[in-house]
Amino acid sequence: MIRLKNIHRDFQVGDQSVHALDDINLQITAGEYVSVMGPSGSGKSTLLNLIGILDHASSGQYFLNDQNVTDMDEQQESRARNQHIGFVFQSFHLIPRLTAAENIELPLVLAGMPPNQRKHRVDEAMQSLGLIDRAHHTPDQLSGGQRQRVAIARATITEPSVILADEPTGNLDQKSGIEVIDTLEALNDKGITLIVVTHDPQLGKRSPRSLGMVDGRIESDESA
Amino acid sequence: MISSDIIFYGWQSLKGYRARTLLMLLAMSISVASVLLLTALGEGARRYVNNEFSSLGTNLIIVIPGRNETSGVGLSSMMGVTPRDLTLEDARALTRHRAVTRIAPLNVGAVEASWQNRKREITLLGSTHDLLPLRHWELDAGQFLPDLDWDRATPVCVIGKKIRDELFGAHAALGQWIRLGQNRYRVIGIMASEGRSIGMDVQETVIIPVASAQALLNTPSLFRIMIETKSRATMQGVIDFTVDTLRERHHGEEDVTVITQDAVLQTFDNILATLTYAVAGIAAISLVVAGILIMNVMLVAVSQRIAEIGLLKALGASRRKILLLILTEAMLLSLLGAAIGFIIGMTGSWGIRIALPEFEAYPPLWAMLASLLVALVTGLLFSLLPARKAARLDPVNALQGH
């Protein structure tokens, strides 16, 4: 489902060129649960941004569902992000002035779905994540765990093929963190591909497949 | 993205940043309101002058001593600087034309009027019987100047209402003798209050026969000759006849200015219309200033919401959608500001009309349309830059807030 071939990503910092990603070759099949581990600056976030089509490779090729992402124009990229990819961020990234329900339906709004069709799907998503009584609360009225569950509901509302989670438990206490991970894993059980970036070894151990990154390279690729 | 969602999103963010929204609305609405108010004042002035001139009556020709090189009302015609006097004989010669229905020679001066021990300065008008119907004035009581030979200096006068009130108070004025300068005149009529015309309030004038006025003011020359013709069609003939006759009488020299009400009206109309455009232009500058304000605030708004824009991109908003969202927000703001300004402007000009009933201060249609249009266009133009800035943000950096 995800295929990276000889991916390089270079940043120019002053006079120096930094290799954030150095010749990455990676294949992830549909329904996999992969954790990406590594020290900070190892390129794990860059890898995630690249898979999420937020960032572009300096060279190499990226296929998502057999489509060559490298050839896409800006409009196609946006559509691909909207349809195929769900993001879960460490800092939630909810829009403070919108209610939980409005935050969750945002990807559908951007996709141009009419309101009556959206309502049904938003209700369903909130039901399954236990958020139904929080529908009309704004983010500042929700707990951290609830906020992240709203963000997960938002990430899954378009029924994407892959969820990309960058340190999803980084801003949460342990109990809420485990709840969030349980939620994500439950989604993976239903068939969604799940890629989690973390530097928490406990979290890394939970996934069947674990990638270890150092200096922009995949140093280890272990399957349990 | 469907349009109602785009508008809802813009509306939500305007509500989300209340202080900035209110400030922008204030700037925009003040600009639109000032365009409406200023043009309403200009238009009111134009209508006022128009009405004043209409009260002169149509088919009216005015002869002014002195030659004016350019057409219209010039300095010399205003000041009455004249190389050769315009006399009663000149006026009489003009009655020969068949199309002339009425003719009123006019003398004007300032003298002191007194009755018993009350005194005041008045404007003295010397004229003839025809002045009343020619100017469409009306009498309140008594009668107007008698229809006698122009050369007879009869000691009678017709006074304005205000003069009657100030000189006579509660006493009956008709039949009383008042003193004007050295002479005494019997009051035979009182003017009704409606009679008003440019720069001269009939209520504050005293009208006496033209020959009496010439004697009193000690001048043989006339201030004006007013001629009424049978119809509009005959006006040009009478104008030509007037010019020819007076040139002949003044030894071949064309030393009078003949104007029609239309020409005077046109001149004033042009001046006031230009003034209205000028103030509208000045007010429009404030609209542009409001536009620049919108640009600044939208730029701040974009930098405040960088992370949000990054999120929208991550959720699948293309550059075009971001552009559309920001522009819609700015347009909503301009539209709302313009609407509020419109209401303020219309209420304000209504207030002016209440305060000054003679002043029909309605903002002209073009000013209403133009102010709304300029508000929307500047709102749109000046938010293009911030919107483009937002659309071009790199999503990875934007999500991190920079």
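In the text below, chain A, chain B and the rest are named by the order of the sequence lines, each starting its count at 1.
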Between A:H93 and B:A307, which heavy-atom pair has the shortest distance, and what is it? CE1-CB, 3.9 Å

Heavy-atom pair of closest approach, residues A:M113 and B:D5: O-OD2, 4.2 Å

A:D215 CG: over 12 foreign heavy atoms closer than 6.0 Å: no

Those residues of residues 37-47 of chain A, ordered by number, that approach chain B below 4.5 Å (heavy atom to heavy atom): none

Is B:S13 in contact with chain A via its backbone, its side chain, both, or neither, using a 4.5 Å heavy-atom distance? both

Please indicate whether B:W366 has more than 12 foreign heavy atoms, meaning atoms of other residues, nucleotides or ligands, lying under 6.0 Å from its CH2. yes

B:I2 and A:P115 have their tightest heavy-atom pair at CD1-CD, 3.6 Å

Which bit of A:D55 comes within less than 4.5 Å of chain B, counting heavy atoms only: side chain, backbone, both or neither? both

Looking at A:H8, I want to see if its NE2 is surrounded by more than 12 non-hydrogen atoms of other residues, nucleotides or ligands under 6.0 Å. yes

Please identify, among A:S78, A:S91, A:G52, the residue contributing the most non-hydrogen atom pairs under 4.5 Å to chain B. A:S78

Heavy-atom neighbours of A:R97 CZ exceed 12 at 6.0 Å: yes

Please list, in residue-number order, every residue in residues 310-337 of chain B that has a heavy atom less than 4.5 Å from any heavy atom of chain A; write 'none' if there are none. B:L311, B:L312, B:K313, B:A314, B:L315, B:G316, B:A317, B:S318, B:R319, B:R320, B:K321

Which portion of B:E308 sits near chain A, non-hydrogen atoms under 4.5 angstrom: side chain

Around atom CG of A:D73, are there more than 12 heavy atoms of other residues, nucleotides or ligands at under 6.0 Å? yes

Any chance CD of A:Q117 has more than 12 other-residue heavy atoms, nucleotides or ligands included, within less than 6.0 Å? yes

Measuring from atom CZ of B:F8 to atom CD of A:E102, what distance do you get when rounded to the nearest 0.5 angstrom? 4.0 Å

Would you sort out whether A:V109 and B:Y9 count as a side-chain contact (heavy atoms from CB on, under 4.5 Å), showing the intermediate values? CA-CA 10 Å; A:V109 171; B:Y9 187 85; over 6 Å; no

